[in-house]
Amino acid sequence: MYWMKSGLRGFGGQGSVLAQVRGQDVTNIIQQKGRVNMKIFPLCLRFVLMGIMTLMLGATLLSMGPAAAQEKGTPTPLPLQTLAILPSMTAAASSTPAPQPLEQQTLDAIVADLIAQTQQAAPHIQSTQTVQAALDHVLNLTAAAQMQSAATNQSVMNDLGTATQAAMPTPILYPAAQLEVINVVDTELMAGPAQTNAYLAPDGQHFAYLQGAEFCIYTIEGEQERCLTLPDGIDWGSPRWSPDSRYVVFHEDFYRYFRDADIWLIDTADDSLTNLTDDQTDEVSILEDSWSNVDVAPRWLPDGRIAFLRYSRENGNHLPPDIYAATVDGGAPELLGTIRTNSTIPITMIDVSNDGSLLAYNHISPEDTPTNGAWVSAIDGSAAEQVLATERIYSPTSVEISADGRYLLSISGGAFGQFGVTEPVQAVRVVDLETGEITILDEDIFIRTAGWSPSGSALAYLVNDSSAQQNSGLYITDTPGHPGRLVLQGEFIAPTNREQQGLIWAANNTILLSNTVDYLLQVVQLG
């Protein structure tokens, strides 16, 4: 069986509460708090109008062509090459002062009128769909440019005093149904088994490589830039890049070594290493009050702070985990709230939605209890709801919220024998946070791991089919529940061990994989 040879490592409904805590979407926040640069919008509008008028002229000329073609009634489709004129107008249009931006309703009226005129000028030419496709494409680029401009100019004061919001890379917006593998870069780095791990930056330009305590930064082409040595006992599954691809956070491995865990920060701009929650304690006892605080599971908030869990003991009792937020400047962490649970140290992993309103976490109790599975709450731990119930051995080791906040991805390490499982089960499940529906991506084949696209709710996932190896490989689906497409054949694993992170899909449509022949890292580029 494949799951043996590749290295075994060590459903409740959804109510109205989640809808109340999901908060504003990112666009509304930008509009309310940011300063949007609208100069790009009229410029792109000019491209649209000039392009349509050129298309209308071409359509009119074609309508006066040979009479034989008109007599036969043969429609002449508008050549797709004509669409190439749109980018060529950039230089001429950019030299003209930008007019005031039009309201969206006005733009819609102009577009509809121009399309109607095109049809009247050349009714026999099937150009409407082509024109509409061109308009949709340019308007999508306009919207993306507006969002990028807003993110660049925005300076937001968050509720807890952080001055600037971390800049998110702007994803390259290709429909998932059209993505194909355009390049694969082979490296000589082993990643996945033992103490070797690779973590792709959100912008897809670099990746971090961890081998034991040696932490190195590589270009996406696989060239090493620099390295530094980290403290002993790092939790290899914990490193997370900041949204702006500058910082990496991680913690020590409390769960295996019972070391005191702190939240550490690497600034890749100067290779500095900072302990953000140093409590001057190195060793802890799970049975004694010998620890100060155990800080684990760091995840980035949209405002540039770092959310994490803090476990404490008081009068011989383990307390429920508190949710804190730290800043990159090393100031005192701020208490956000508490996750209410009666189990001892049951939560090992958290995630935060892109708008900062939702917190997702796993729950693994020592015994089979109804609380095991995946949960979602407000960012302060309130209004918690269980969205996926599991047996203890199949409890999630990774939980990830989709970029649009609609779905929760749950990956179970127990599916690979991590907790003594003797037969593989489906590791990946998706929960619709609006309806509560639980989806297994494919009932007939074994899916090892998955990861969200940087925008929307498309998924990349890995299939390992030992009975039909031609089915194994990297798949892309545009939304959970839709059949995926095989885009790269082969047998792969995620380049991080212990199944604490799924696939990372960067904003430039890059994904890191490790093959199962020699576990060497491969850089997969989609386009």
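Note that the structure is a prediction, hence the values are computed from the model and not measured.
Between the side chain of Y209 and the backbone N or O of M190, at least one donor-acceptor pair lies under 3.5 Å. Distance alone, capped at 3.5 Å, is enough to place a donor-acceptor pair between the S242 side chain and the Y247 backbone. Listed for the S412 side chain is a donor-acceptor partner under 3.5 Å among the backbone atoms of Y394. In this structure a side-chain-to-backbone donor-acceptor pair under 3.5 Å is missing from N515 to F492. A donor-acceptor pair under 3.5 Å is formed between the side chain of T187 and the backbone N or O of L521. T439 contributes no side-chain N or O that, together with a main-chain N or O of L441, makes up a donor-acceptor pair within less than 3.5 Å. Between the side chain of Q501 and the backbone N or O of P239, at least one donor-acceptor pair lies under 3.5 Å. The main-chain N or O of S312 is never found under 3.5 Å from a side-chain atom of N293 such that the two would form a donor-acceptor pair. The closest donor-acceptor contact from the side chain of S402 to the backbone of Y407 lies under 3.5 Å. N362 places a side-chain N or O within 3.5 Å of a backbone atom of P396 that can act as its donor or acceptor partner.
Taken from CG in N372 to CD in Q386, the straight-line distance is 8.0 Å, to the nearest 0.5 Å. Note that the CG atom of L513 and the CG atom of L503 stand 6.0 Å from one another [nearest 0.5 Å]. Here OH of Y361 is found 11.5 Å from CG of L358. Values are rounded to the nearest 0.5 Å. In this structure, CD on E214 lies 7.5 Å from CG on L228, to the nearest 0.5 angstrom. Rounding to the nearest 0.5 Å gives a distance of 9.5 Å between CZ of F207 and CD of E221. Separation of atoms OG1 (T327) and CZ (R305) is listed at 9.0 Å; rounding is to 0.5 Å.
The shortest side-chain heavy-atom distance between L319 and Y311 does not fall under the 4.5 Å cut-off. Between S343 and H363, the closest side-chain pair of non-hydrogen atoms falls below 4.5 Å. Looking at heavy atoms from C-beta onward, T371 lies out of side-chain contact with T341 at the 4.5 angstrom threshold. Between I220 and T510, some side-chain heavy-atom pair lies under the 4.5 Å cut-off. Counting only heavy atoms from C-beta outward, the side chains of V184 and V523 never approach each other to under 4.5 Å. Side-chain contact between W375 and I350 is absent, with no heavy-atom pair separated by less than 4.5 Å. With a 4.5 Å cut-off on side-chain heavy atoms, W236 and Q195 count as touching. Inter-residue side-chain proximity for R240 and Y199 is flagged as unmet; no heavy-atom pair is nearer than 4.5 Å.
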Test log, rule side chain to side chain contact (heavy atoms under 4.5 Å, CB included), inputs I511 and I504: CA-CA 6 Å; I511 298 175; I504 306 301; over 6 Å; no

E385 and V376: CA distance, side-chain angles, deciding distance, side chain to side chain contact (heavy atoms under 4.5 Å, CB included) verdict: CA-CA 6 Å; E385 295 189 36; V376 175; 5.8 Å; no

Side chain to side chain contact (heavy atoms under 4.5 Å, CB included) evaluation trace for V352 with I379: CA-CA 8 Å; V352 178; I379 193 64; 3.9 Å; yes

Pair Y324-L336, side chain to side chain contact (heavy atoms under 4.5 Å, CB included): steps then yes or no: CA-CA 5 Å; Y324 276 83; L336 299 182; over 6 Å; no

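Shortest non-hydrogen contact noted between E367 and R392 is N-CD, 4.0 Å. The two residues A506 and P454 have their closest heavy-atom pair at O-CG, 3.5 Å. Scanning both residues, G192 and I493, for their nearest heavy atoms gives CA-CD1, 4.1 Å. A pairwise comparison of heavy atoms in A201 and S245 identifies CB-OG, 3.8 Å as the closest pair. Shortest non-hydrogen contact noted between F215 and A208 is CZ-CB, 3.5 Å. Nearest approach of I401 to S353, heavy atoms of both residues: CD1-N, 3.6 Å.
Looking at I266, D262, D235, L265 one by one, the single match for side-chain contact (heavy atoms from CB on, under 4.5 Å) with F250 turns out to be I266.
Under the 4.0 Å criterion applied to side-chain N and carboxylate O atoms, E434 and R406 are assigned as salt-bridge partners. With salt bridges taken as basic N to acidic carboxylate O contacts below 4.0 Å, none links E400 and R429. Looking at D295 and R310, a side-chain N of the basic residue comes within less than 4.0 Å of a carboxylate O on the acidic one, giving a salt bridge.
N464 and E491 share no side-chain donor-acceptor pair at under 3.5 Å. If you check the side chains of N197 and T496, you find no donor sitting under 3.5 Å from an acceptor.
For N342, the CG atom counts as loosely surrounded, since its 6.0 Å shell holds 12 or fewer non-hydrogen atoms of other residues, nucleotides or ligands.
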